[in-house]
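For reference, the structure discussed in these notes is given below.
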Amino acid sequence: MSAATVLDGLSAVLLLLGASLALAAAVGVLRLPDVLSRMHAATKPQVLGILLCLSGAALRLRDSPDVWLLVLAAVFQLLTAPVSAHMVARVANRSRHYRRAGLFVDELPPERPQQG
């Protein structure tokens, strides 16, 4: 068995795991009851799934210069997912689109009335 065959097999496993996590994230977004729960499903398994898919693709492409584009896509995914999740949670909190009974701690202060 050659090294290329082992790397191709590992690539296939990573791609299947990544696709499975992305599917789990999609099911979670559809099935979970409120915005904060859906946000959790949309960020954590989705980010890990895309990182596994990109790793599998990078292993498959090995010597191609396109591997750097995959690395760039992974870095942007890691940078943007937490920021977008934070913004979605903030909007959900301000518009009260979440189940308050599901929170253990609410660290955000209540909104101040607008002046003027």
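Between the side chain of Ser37 and the main chain of Pro33, no donor-acceptor pair closer than 3.5 Å is present. In this structure, Thr80 contributes its side chain and Phe76 its backbone to a donor-acceptor pair below 3.5 Å.
Closest approach of Cys53 to Ala19, counting heavy atoms only: SG-N, 3.7 Å. Taking each heavy atom of Thr5 and Ser2 in turn, the nearest pair found is OG1-OG, 3.0 Å. Here the closest non-hydrogen pair linking Gly56 and Ser11 is O-OG, 2.6 Å. Of all the heavy atoms in Pro45 and Ala25, the pair that sits closest is CG-CB, 4.0 Å. Residues Ala81 and Val47 approach most closely at CB-CG2, 3.5 Å, considering heavy atoms.
For the side-chain contact (heavy atoms from CB on, under 4.5 Å) with Arg60, the lone residue among Asp8, Leu15, Leu7 that qualifies is Asp8.
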Do Arg62 and Val67 pass the side chain to side chain contact (heavy atoms under 4.5 Å, CB included) test, and can you show the C-alpha distance, the side-chain angles, and the key distance before you say yes or no?
-> CA-CA 7 Å; Arg62 279 178 224 114; Val67 171; over 6 Å; no

Determine, step by step, whether Asn93 and Leu36 satisfy the side chain to side chain contact (heavy atoms under 4.5 Å, CB included) criterion, reporting the C-alpha distance in whole Å, the side-chain angles of both residues, the deciding distance to 0.1 Å, and the verdict.
-> CA-CA 9 Å; Asn93 186 308; Leu36 298 179; over 6 Å; no

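When the side chains of ILVMFWY residues are joined at heavy-atom separations under 4.5 Å, either directly or via intervening members, Val13 and Leu52 end up in a single hydrophobic cluster. Met87 and Val35 sit in two unconnected hydrophobic clusters of ILVMFWY residues. Membership requires side-chain heavy atoms under 4.5 Å apart, directly or through other members. Clustering ILVMFWY residues whenever any of their side-chain heavy atoms sit less than 4.5 angstrom apart, transitively, puts Leu61 in the very cluster that holds Leu54. In the hydrophobic clustering of ILVMFWY residues, with side-chain heavy atoms under 4.5 Å counting as a link, Leu70 and Leu48 come out apart. Taking hydrophobic clusters as Ile, Leu, Val, Met, Phe, Trp and Tyr residues chained together by side-chain heavy-atom distances below 4.5 Å, Leu21 shares a cluster with Leu14.
Residues that satisfy the salt bridge (charged side-chain N to carboxylate O under 4.0 Å, His left out) test with Asp66, not counting sequence neighbours, are absent from this structure.
Listed by first and then second residue, the salt bridge (Lys or Arg N to Asp or Glu O under 4.0 Å) pairs involving residues 16-41 are Asp34-Arg99 (not counting sequence neighbours).
Interatomic distance, CE of Met39 versus OG of Ser84, reported as 9.5 Å (0.5 Å rounding).
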